[in-house]
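Remarks on the structure that follows.
Here the structure is a predicted model, which is why all the values come from computation and not from measurement. Note that these values count all heavy atoms, side chains included, but never hydrogens, waters or copies made by symmetry.
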Amino acid sequence: MSEKSSESTQEELAPQNDNAGLSSDKLNLVIAICAILISAASFYATYLQADAAERQVKAMTLPLIQFGSGNWDKELKVPKISLNLTNAGVGPAIIKSVSFKYHGKSFDDFKDFYHACCEPETTKYFEYVSQDKMKVTPTEEGVYITSNMKNRILAGQDTINFIQLGLSEKSNAFWQKLNIARRDLSLKVCYCSLLDECYITEKSGIVEAINSCPIK
């Protein structure tokens with residue numbers, strides 16, 4: 001074989017290295033893409049952490065207002081009608097407004113509810129209270145007690161008995177009628193958390209988040 005043919009064969013058999021491996025430009029591009037992906041993953045992890053922390057804060061400050069009523073005082077062991085709001089949540093609730101709903105009608109004042117449910121007994125009883133108010137004492141049976149609810153802060157796991165009515169000879173007729181009517185009564189309560197997140201509820205346990213409570 002000639003020397004020229006041998007050199008030609010060696011050239012053909014020699015490895016071609018022009019495109020082997022990564023060029024510096026390609027390597028830099030891969031490194032840049034990896035850096036972007038790592039940054040994106042880090043950002044997403046931070047977002048998840050922040051979102052979890054925010055959810056935890058909300059859970060720790062979430063109030064849950066529920067309406068309840070009864071006709072017996074467990075401590076004194078006497079008949080007593082009580083209408084109450086309980087904060088079953090863990091965070092304080094700022095009560096903004098309360099509406100009374102009875103037989104398809106809504107009342108902003110509980111006395112309007114009394115007149116809708118319990119006449120003529122309502123008028124007769126409050127005439128008695130007005131005439132004999134100087135004789136009424138906090139421990140007397142039949143005393144009518146109310147507690148203001150608007151703009152009141154109700155701590156978690158706390159209860160407001162906003163209406164209480166004991167049973168006596170003078171209150172009997174009104175008491176009996178109110179005792180029946182309370183079973184058809186529901187409350188629409190608008191309240192906010194300390195984070196200024198507001199909610200509205202019409203039934204115990206059913207809560208709807210809203211932007212703000214209406215001003216009444």
*side-chain hydrogen bond (donor to acceptor under 3.5 Å, both in side chains) partners for Asp109, two or more places apart*: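 Scan of Asp109 (side-chain hydrogen bond (donor to acceptor under 3.5 Å, both in side chains), adjacent residues dropped) gives none.
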
From [X] atom [atom1] to [Y] atom [atom2], the distance as rounded to the nearest 0.5 Å:
{"X": "Ser82", "Y": "Asn161", "atom1": "OG", "atom2": "CG", "value": "5.0 Å"}
{"X": "Leu185", "Y": "Phe67", "atom1": "CG", "atom2": "CZ", "value": "4.5 Å"}
{"X": "Asn71", "Y": "Asn179", "atom1": "CG", "atom2": "CG", "value": "4.5 Å"}

Side chains of [X] and [Y]: closer than 4.5 Å at any heavy-atom pair?
{"X": "Pro79", "Y": "Trp175", "result": "yes"}
{"X": "Ile95", "Y": "Asn151", "result": "no"}
{"X": "Phe100", "Y": "Leu187", "result": "yes"}
{"X": "Asp112", "Y": "Asp108", "result": "no"}
{"X": "Leu85", "Y": "Met149", "result": "yes"}

_I'd like to know if the two cysteines, Cys198 and Cys192, have SG atoms within less than 2.5 Å._
yes

*Yes or no on ring-ring contact (aromatic ring centres under 6.0 Å, His included) for Phe174 and Tyr114, after CA distance, side-chain angles and deciding distance?*
CA-CA 9 Å; Phe174 177 51; Tyr114 291 155; 5.4 Å; yes

*Compute the centroid of each ring, for Phe162 and then for Phe110, and state whether the two points are separated by less than 6.0 Å.*
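No, ring centres 6.0 Å or more apart.
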
*Ile94, Leu62: one ILVMFWY side-chain cluster at the under-4.5 Å cut-off?*
no

